[in-house]
Trainee: 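So that we are looking at the same thing, I have put the structure below in structure tokens.
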Amino acid sequence: MILAFALLLGVGIVAGYSPGLLDRMMARRIDPQVVLATWVALVATTFLTVVAALVVVLLPAHGPTSLLMQLVHHCVTAVQHGAVPRFHAVTALLLLFGLTSLLLLVSVRLMRHVRRQRRAHRRQLELLRVAARPEAGPFPTMWLPHPKPLAYSVAGTPAFVVATDGVREELCAGDAAAVIEHERAHLHGRHHMLVGLAEALARSAPWIPLMRHSPALVRTAVELAADRAAARLHGAGSVHSALLIMSVATAVRPLPSTPWAWPTAPSPSACTTSNSWGPARHESGAHWPPAWRG
């Protein structure tokens with residue numbers, strides 16, 4: 001039982017202090033891919049440690065199912081006779097109930113996200129097959145006849161990038177290529193899935209600091225990761241120039257509060273100053289909004 005409490009105490013410390021750690025990593029301009037990997041590891045560690053604590057509590061019996069029935073029977077019998085159930089039994093039941101509820105909530109949120117993303121993908125693909133000109137590539141680019149420079153990525157099967165003719169008309173060739181590469185990086189990195197997971201965790205366990213902090217962190221990290229991917233191929237100057245031009249040409253829209261409202265792209269792309277990719281210079285006003293809302 002002492003070991004179980006020690007594990008739960010460790011979970012509380014990790015979940016409470018890890019947001020500050022992740023923020024410091026971002027402030028020090030550590031590679032956003034490393035930040036995302038650290039976030040995934042911390043979330044997984046939190047869940048696995050709670051499971052380990054539950055296993056420790058249930059360990060004395062011959063099997064978890066038989067002990068679970070014994071715990072329930074003990075608690076019910078104690079209440080019926082006006083006694084207080086053993087602390088060990090109550091703790092085990094609360095851990096089991098809490099962990100099961102959290103896993104169910106996260107699973108439901110993720111399934112809703114996947115269903116909405118699939119509906120949006122199917123709807124957009126039907127429209128784009130009529131209105132857009134496809135261009136082959138690692139992820140196909142669907143070009144729409146529209147004067148304003150807009151670009152966004154759509155996860156799914158097949159995954160693709162949507163861009164308007166305004167991207168080619170308003171930007172030079174290098175800047176336009178950086179825009180497309182930024183969106184392809186979202187698809188390569190499965191950023192849509194990461195944002196959906198972060199939102200599901202935050203909605204399911206907002207009382208846990210790590211989960212509550214996850215959406216803002218992941219949204220920023222995936223944008224910086226996509227910016228870096230584009231800069232590696234086309235240079236930081238091209239990415240910076242493209243974002244500045246598009247932010248001026250495009251009316252700025254507020255960020256959606258959840259990916260359910262905008263299931264086809266993580267969050268509007270962020271502009272950073274030339275040769276600097278840290279959150280201290282992050283300007284959320286410069287972005288590439290989608291043509292349709294999901």
Side-chain angles (χ1 to χ4, degrees), residues 11-12 14-27 30-50 98-99 101-118 120-121 152-156 159 182-183 185-229 254-270 277-279 282 284 287-290 293-294:
V11 167
V14 169
Y17 286 95
S18 54
L21 169 66
L22 293 169
D23 283 341
R24 287 192 294 273
M25 293 176 68
M26 295 289 287
I30 293 175
D31 190 330
Q33 297 285 11
V34 175
V35 177
L36 288 171
T38 304
W39 172 76
V40 171
L42 288 170
V43 170
T45 299
T46 299
F47 277 98
L48 291 176
T49 305
V50 173
L99 180 61
S101 299
L102 183 58
L103 290 176
L104 285 175
L105 282 172
V106 172
S107 300
V108 169
R109 300 291 184 185
L110 284 176
M111 286 189 292
R112 287 179 180 175
H113 173 70
V114 170
R115 284 199 300 268
R116 295 190 183 192
Q117 193 173 51
R118 285 177 178 174
H121 178 276
Y152 65 101
S153 55
V154 181
H182 174 103
E183 298 304 333
H186 282 315
L187 299 174
H188 277 297
R190 298 185 181 276
H191 293 167
H192 306 75
M193 180 185 68
L194 291 176
V195 171
L197 175 60
E199 289 287 349
L201 292 171
R203 285 170 171 259
S204 303
W207 61 89
I208 301 177
L210 175 59
M211 308 308 174
R212 185 174 63 249
H213 183 78
S214 291
L217 171 79
V218 173
R219 284 173 180 266
T220 301
V222 298
E223 291 302 333
L224 294 176
D227 286 343
R228 285 200 172 198
L255 288 174
S257 58
T258 67
W260 323 132
W262 199 340
T264 58
S267 71
S269 178
W277 302 92
H282 195 274
S284 61
H287 62 273
W288 307 327
R293 296 288 293 272

Trainee: Can you find a heavy atom in the side chain of L197 that is under 4.5 Å from one in the side chain of M193?
Mentor: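 In short, these two side chains do not touch, never coming nearer than 4.5 Å.
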
Trainee: How long is the straight-line distance from CD1 of I30 back to CG of L224, given to the nearest 0.5 Å?
Mentor: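 The CG atom of L224 sits 12.5 Å away from the CD1 atom of I30.
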
Trainee: So how far is it from L201 CG to I208 CD1, rounded to the nearest 0.5 Å?
Mentor: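 The CG atom of L201 sits 8.5 Å away from the CD1 atom of I208.
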
Trainee: With a 4.5 Å limit on heavy-atom distance, are the side chains of M25 and L22 in contact?
Mentor: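 A side-chain contact exists here, since the closest heavy-atom pair is under 4.5 Å.
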
Trainee: If I compare all heavy atoms of H191 with all of A185, which pair ends up nearest, and what's the gap?
Mentor: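 Looking at all heavy atoms of both residues, the shortest contact is CE1-O, 3.7 Å.
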
Trainee: Please give me the minimum heavy-atom distance between L187 and H192, naming the atom from each residue.
Mentor: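 Shortest heavy-atom contact: CD2-CE1, 3.5 Å.
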
Trainee: Under a 3.5 Å threshold, yes or no: a donor from one side chain and an acceptor from the other, between S18 and H213?
Mentor: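 Side-chain D/A pair, S18 to H213: absent.
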
Trainee: Using every non-hydrogen atom in the two residues, find where P209 and G16 come nearest and quote the distance to one decimal.
Mentor: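 Scanning both residues completely, I find the closest heavy atoms to be CG-CA, 4.0 Å.
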
Trainee: The test is side-chain contact (heavy atoms from CB on, under 4.5 Å); show your working for H186 and E223 and say whether it passes.
Mentor: CA-CA 8 Å; H186 282 315; E223 291 302 333; 3.4 Å; yes

Trainee: Nearest 0.5 angstrom please: W207 CH2 to R212 CZ, how far?
Mentor: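 Atom-to-atom, W207:CH2 and R212:CZ are 11.0 Å apart.
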
Trainee: Please list every donor-acceptor pair under 3.5 Å in which a side-chain atom of residues 31-43 meets a protein atom from a residue at least two apart or in another chain.
Mentor:
residue: D31; atom: OD1; partner: Q33; partner atom: N; Å: 2.9
residue: T38; atom: OG1; partner: V34; partner atom: O; Å: 2.8
residue: W39; atom: NE1; partner: S214; partner atom: OG; Å: 2.7

Trainee: Minimum heavy-atom separation for M211 and F47, please, with both atom names.
Mentor: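 In this case the closest contact between M211 and F47 is CE-CE1, 3.9 Å.
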
Trainee: Can you name the nearest heavy-atom pair linking A155 to H121, along with the distance?
Mentor: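 In this case the closest contact between A155 and H121 is O-CD2, 3.2 Å.
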
